[in-house]
Amino acid sequence: MVDSALVKTFRVPARHGYAVELSPYFPSRLACATSQYYGIAGCGTLVVLEQTEAGIIPFRSFDWNDSLFDVTWSENNEHVLVSGSGDGSLQIWDTANPTGPLQVFKEHTQEVYSVDWSQTRGEHLIVSGSWDQTIKVWDPMVNNSISTFHGHASVIYSTIWSPHIPGCFASASGTCFILPS
């Protein structure tokens with residue numbers, strides 16, 4: 001059981017959290033994808049937080065012109081993250097270079113609600129799921145998606161890579177579940 005006196009919180013004014021991800025490299029660092037107005041309108045902020053003895057403090061903050069719905073850390077670079085947003089794009093951020101996104105991928109036609117970076121260190125792939133009912137696989141070294149998967153009859157809420165099988169991911173939507181192999 002967790003002692004509630006040990007729980008630390010951090011509030012981002014005028015933002016609502018949609019996703020949180022712990023860093024695989026820094027045990028005290030986490031990232032949070034946030035949106036204004038519950039993701040219906042407004043912009044989003046990717047907040048990278050550091051847990052210290054004094055509490056949780058902001059480490060980096062990145063603003064985007066639309067809601068941010070998901071975030072995940074790179075498995076190959078301790079400073080790099082990817083987020084998915086309401087404008088149908090993915091943004092790759094570098095906490096060591098806080099000036100703006102390193103790359104922006106825009107092929108989805110509706111909100112990107114889920115992103116995940118491959119956990120197989122030999123792969124540098126990202127999978128995204130969108131409300132446009134498509135899943136896309138991205139290689140950050142290429143300026144566009146390398147595969148698009150159709151098959152869902154509803155918006156896609158979640159995509160995740162297998163930590164055990166290279167090239168294998170799962171996805172979930174309101175109507176079905178697909179597991180390519």
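How far CD of Glu21 is from CG of Leu30: 9.5 Å, rounded to the nearest 0.5 Å. Summarising the geometry, atom OG belonging to Ser154 is positioned 6.5 Å from atom CD belonging to Gln133; distances are rounded to the nearest 0.5 Å. Atoms NE2 and OG1, on His152 and Thr134 in that order, are 9.5 Å from each other to the nearest 0.5 Å.
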Intermediate values then yes/no, side chain to side chain contact (heavy atoms under 4.5 Å, CB included), Ser171 and Thr159: CA-CA 4 Å; Ser171 61; Thr159 53; 3.9 Å; yes
Please determine whether side-chain hydrogen bond (donor to acceptor under 3.5 Å, both in side chains) holds for the pair Ser89 and Ser85, giving the CA-CA distance in whole Å, both sets of side-chain angles, and the decisive distance to 0.1 Å. CA-CA 6 Å; Ser89 70; Ser85 71; 3.1 Å; yes
Between Asp116 and Phe169, does a side chain to side chain contact (heavy atoms under 4.5 Å, CB included) hold up when you go through it step by step? CA-CA 9 Å; Asp116 194 40; Phe169 64 84; over 6 Å; no
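Residue Val115 belongs to a hydrophobic cluster whose other members are Val80, Val82, Leu90, Ile92, Leu102, Phe105, Val112, Trp117, Ile126, Trp138, with links defined by side-chain heavy atoms closer than 4.5 Å. Residue Met141 belongs to no hydrophobic cluster, having no ILVMFWY side-chain heavy atom closer than 4.5 Å to its own. Through direct or relayed side-chain contacts under 4.5 Å between Ile, Leu, Val, Met, Phe, Trp and Tyr, Ile57 connects to no other residue. Here Trp93 sits in one hydrophobic cluster together with Leu46, Val48, Phe59, Phe62, Trp64, Leu68, Val71, Trp73, Leu81, Val104; the rule is ILVMFWY side chains under 4.5 Å apart, joined directly or through other members.
When all heavy atoms of Ser74 and Pro24 are compared, the pair lying nearest together is O-CG, 4.1 Å. Considering all non-hydrogen atoms of both residues, Cys32 and Gly17 come closest at SG-CA, 4.2 Å. Residues Ala41 and Ser67 come closest through the heavy atom pair O-OG, 4.3 Å. For the residue pair Glu75 and Ser118, the shortest heavy atom distance occurs at CG-O, 3.3 Å. Smallest separation of non-hydrogen atoms from Gln103 and Val142: NE2-O, 4.5 Å. Closest heavy-atom contact between Ser128 and His108: OG-NE2, 2.7 Å.
In this structure, the side chain of Asp132 engages the main chain of Thr109 through a donor-acceptor pair within 3.5 Å. Side-chain atoms of Thr95 come within 3.5 Å of backbone atoms of His79 as a donor-acceptor pair (strictly under, hydrogens ignored). Thr34 places a side-chain N or O within donor-acceptor distance of the main-chain N or O of Thr45, the cut-off being under 3.5 Å.
Qualifying side-chain contact (heavy atoms from CB on, under 4.5 Å) partners for Ile40, counting only residues two or more places apart in sequence or in other chains: none. Gln36 is linked by a side-chain hydrogen bond (donor to acceptor under 3.5 Å, both in side chains) to nothing, counting only residues two or more places apart in sequence or in another chain. Scored by the ring pair (Phe, Tyr, Trp, His ring centres under 6.0 Å) test, Tyr113 finds Phe69, Trp131, Tyr157 as partners (sequence neighbours excluded). With sequence neighbours excluded, the residues forming a side-chain hydrogen bond (donor to acceptor under 3.5 Å, both in side chains) with Ser28 are Glu50, listed by chain and number. Every residue two or more places apart in sequence or in another chain was checked for a side-chain hydrogen bond (donor to acceptor under 3.5 Å, both in side chains) with Asn65, and none qualifies.
Residue pairs meeting the side chain to side chain donor-acceptor pair (under 3.5 Å) criterion with at least one partner in residues 52-61, sequence neighbours excluded, are absent. Sorted by first and then second residue, the salt bridge (charged side-chain N to carboxylate O under 4.0 Å, His left out) pairs involving residues 140-157 (not counting sequence neighbours) form an empty list. Applying the salt bridge (charged side-chain N to carboxylate O under 4.0 Å, His left out) rule to pairs touching residues 134-161 yields Glu107-Lys136, sequence neighbours excluded.
For the 3.5 Å distance criterion, the side chains of Gln110 and Ser130 fail to qualify, holding no donor opposite an acceptor.
Side-chain atoms of Asp66 and Glu111, non-hydrogen and from C-beta on, never get closer than 4.5 Å to each other. When side chains are defined from C-beta on, His150 counts as touching Thr148, because their heavy atoms get closer than 4.5 Å.
Cluster membership check: Ile160 does not share its hydrophobic cluster with Val137, using side-chain heavy-atom separations under 4.5 Å among Ile, Leu, Val, Met, Phe, Trp and Tyr.
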